[in-house]
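A short write-up of the structure that comes next.
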Amino acid sequence: MSLKLYDTFTNSKIKFDPIDPTNVRMYVCGPTVYDYAHVGNARPVIVFDILFRLLQNIYGTKNVTYVRNITDVDDKIIDAANKASEDIGMLTEKTINYFHDDTKYIGALKPTFEPRATEHIPEMIELIEKLIEKDFAYVAEGNVLFSSSKFSEYGKLSGKDLSEMIAGSRVNVENYKRTESDFVLWKPSKEDEPSWNSPWGNGRPGWHIECSAMSEKLLGESFDIHGGGQDLIFPHHENEIAQSECANGKKFANYWVHNGFVTVEGNKMSKSDGNFVTVNELKDNFQGEVIRLAMISTHYRQPLNWTIANLEESKKTLDKWYSYLESFNEGELDVADNDSDIMEALLDDLNTPKAISILHQKFKNCESGNISLASNFLSAANMLGLLSEKPAEWLTWKQENMNINKAQVELLIAQRNEARMNKNFNKADEIRDELDKMGITLEDKGGETDWKVK
RNA sequence: GGCCACGUGGCGGAAUGGUUACGCAGAGGACUGCAAAUCCUUGUAUACCGGUUCGAUUCCGGUCGUGGCCUCCA
């Protein structure tokens, strides 16, 4: 059984064959850093984390290179900084820290490299010069533009036809463009905008060139997988292909993997309408693995509807699994092996929903105290980045996190148990109702009373 | 208008040319002083219309609907 991935380029699921099995290379478009990441930003982080883990399993941990860039120069950043009267560098630095907190929280492994656009300006300038030299780009009014009509294959990823694109163009086209579909490689900066010295005057790069320059530097002119959200197919990835393939005369990336969009409670996620959920705001109420499980219970190419109900379902599932694991001592379970059932599901274009159903089956087959079955269940879950916390910590997380007055709770429980001993069940139930109003649920197990936060 | 993806039970979500998973919720039961937790049992679905076929949810065509993209939004 070998890995199959759905490739946007061919619009079909195809067998994955790396250029070099001892160095499998993947580039994923990361965030533009001007605000907290929302769940739509988190989706590719988790999806490609699953793929990264899988590739490491197949080819060996050291034989996979995963690059996820950070876009830290961009119009949106400049706008956001101006709006907040904040220094651009401070804003991007702060946002990068938020992003790292978020990725850690959702259990994503660190990529091998996380290059920043502003640290690769010379590489971009060099690439642009190469394109001008080869006559794929031209200078106009301080801008450098890519000449889309010079690249006969322009539009091949998104299945667009150049003439139709021009006909359907709905934006005002700057008159210095030779063809409407030409795009900016370099543009002049205004007085108060970030700028770098270049052969074309002080300016800054266009959006697409960074990915071409940084992927080439870290992964070479050709690499295996290029990923990102569906919305990047056009124009971003289309333009990357144009830049890189024209500059190098080589195929850019062999497999194009794109994740689907996220809606929130059934409605389109829209920043301007305020209909979006940041990862950060979920931290108060849900542990990171809850986010992860909710995210991967839908196949990555399907649209994902983000709802509180689904989060709660995921939480319930993980609580159940962790409760079972709690009955084992630390280190008692062996998680060395990959599970072949989960592996098979993931090899089939990252079929995470199927993998989760397999986890449910394995859990069902677990018997109390059976170390071998529990080990298998746990290692299977670990392949998805799940059940990596200590059970005791997981189960008491809410108690620790919610400013509960534990002494008071324990006291009420003691009072209730005394009432129960005296068969004063009315009073016992009153106390339980009182605790319930505090968000605490009781579980009488054997002679003991456990409590948890709802 | 063009291109792409997609329509499975109350919800989430797999799979398949012929007995349709799995989870949540619902119902019933065991346990419990009653609950909770847990366990057992259980009902319900393949958007619509044609075609191919012994047989289609699955393949083909069409209709309707949803989402995305069409110059810088993951």
Side-chain angles (χ1 to χ4, degrees), chain A residues 6 8 11 28-32 37-48 71 74-76 146 148 155 157-161 163-174 177 180-184 187 206-209 227-236 238-239 258-263 266 268-272 293-294 297-299 301-305 307 309-310 312-317 319-320 323-324 345 348 351-361 363-364 368 419-420 423-426 428-429 432-433 436 440-445 449-452 454:
Chain A
Y6 188 93
T8 306
N11 275 325
V28 175
C29 290
T32 300
H38 51 67
V39 288
N41 299 311
R43 194 174 192 192
V45 171
I46 293 176
V47 165
F48 290 100
T71 300
D74 175 271
D75 288 349
K76 286 194 299 297
F146 184 89
S148 54
L157 176 69
S158 51
K160 292 186 188 304
D161 186 85
S163 58
E164 280 172 6
M165 258 188 278
I166 294 166
S169 182
R170 62 179 186 188
V171 291
N172 293 327
V173 176
E174 293 84 350
K177 283 189 181 179
E180 281 94 328
S181 54
D182 291 354
F183 56 91
V184 171
K187 57 183 163 190
W207 175 37
H208 317 293
I209 196 72
Q230 258 175 10
D231 56 327
L232 296 180
I233 296 170
F234 190 90
H236 186 52
E238 196 70 70
N239 291 351
H258 293 100
N259 64 271
F261 261 55
V262 178
T263 55
K268 184 183 172 178
M269 194 163 77
S270 161
K271 280 200 111 163
S272 51
L293 179 58
S297 51
T298 295
H299 183 89
R301 284 193 295 115
Q302 294 287 113
L304 168 64
N305 187 21
T307 63
N310 286 159
E312 280 168 355
E313 187 179 326
S314 296
K315 177 185 170 353
K316 202 168 175 175
T317 300
D319 283 348
K320 185 171 71 174
S323 296
Y324 168 69
D348 184 15
N351 194 339
T352 50
K354 191 175 184 184
I356 291 165
S357 77
I358 291 168
L359 280 184
H360 281 294
Q361 287 313 294
F363 178 74
K364 208 172 180 179
S368 175
R420 288 170 71 211
K423 307 237 187 262
N424 187 350
F425 295 120
N426 283 338
D429 290 349
R432 185 168 61 199
D433 288 345
D436 187 70
I440 287 163
T441 308
L442 300 183
E443 292 174 18
D444 296 326
K445 287 178 180 169
T449 300
D450 283 351
W451 60 277
K452 64 178 184 185
K454 266 191 277 190

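A, B, ... follow the sequence lines: proteins, then strands. Residue 1 opens every chain. The figures that follow rest on heavy atoms only: side chains count, while hydrogens, waters and symmetry mates do not.
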Return the set of residues passing salt bridge (charged side-chain N to carboxylate O under 4.0 Å, His left out) with [X] (not counting sequence neighbours), or none when no residue passes.
X: A:Lys320; answer: none
X: A:Arg43; answer: none
X: A:Glu443; answer: A:Lys445, A:Lys452

How is [X] classified with respect to the nucleic acid when contacts are heavy atoms under 4.0 Å: base, sugar-phosphate, or nothing?
X: A:Gln302; value: sugar-phosphate
X: A:Gly40; value: base
X: A:Val262; value: base
X: A:Asn11; value: sugar-phosphate
X: A:Tyr6; value: sugar-phosphate
X: A:Thr8; value: nothing
X: A:Leu442; value: base
X: A:Glu313; value: base
X: A:His236; value: nothing
X: A:His299; value: sugar-phosphate

Contacts of A:Thr263 that satisfy side chain to side chain contact (heavy atoms under 4.5 Å, CB included) - sequence neighbours left out: A:Asn305

Heavy-atom donor-acceptor pair, A:Asp429 side-chain to B:G33 base, under 3.5 Å: yes

Check: A:Arg301 side chain, B:C6 base, donor-acceptor under 3.5 Å: no

Pairwise 5' ranking along RNA chain B for A:Lys354 and A:Thr441, keeping only the more 5' one: A:Lys354

Along RNA chain B (nearest heavy atom to each residue), the more 5'-positioned of A:Gly159 and A:Lys445: A:Gly159

Bracket notation of RNA chain B in which parentheses pair within the strand, [ ] cross earlier pairs, and | pairs with another strand (Watson-Crick or G-U, under 3.5 Å): (((((((..(((.....[...))).(((((.......)))))....(((((..]....))))))))))))....

Closest contact, heavy atoms only, A:His258 versus A:Thr8: ND1-OG1, 2.6 Å

Minimum-distance pair of heavy atoms, taken over all atoms of A:Val262 and A:Met269: O-CB, 3.6 Å

Which of these nucleotides, [options], is closest to any side-chain atom of [X]?
X: A:Phe261; options: B:C22, B:G68, B:G13; value: B:G68
X: A:Ala428; options: B:G33, B:A37, B:C22; value: B:G33
X: A:Asn351; options: B:C72, B:C34, B:A15; value: B:A15

[X]: what forms a ring-ring contact (aromatic ring centres under 6.0 Å, His included) with it, not counting sequence neighbours?
X: A:Phe261; answer: none
X: A:Phe183; answer: A:Phe146, A:His208
X: A:Trp207; answer: A:His236

Student check: side-chain heavy atoms of A:Asp75 and A:Lys187 closer than 4.5 Å: yes

Mind listing the N/O atom pairs, protein and nucleotides 38-43 of chain B, below 3.5 Å?
none

N/O (side chain, A:Ser357) to phosphate O (OP1/OP2, B:A14) under 4.0 Å: no

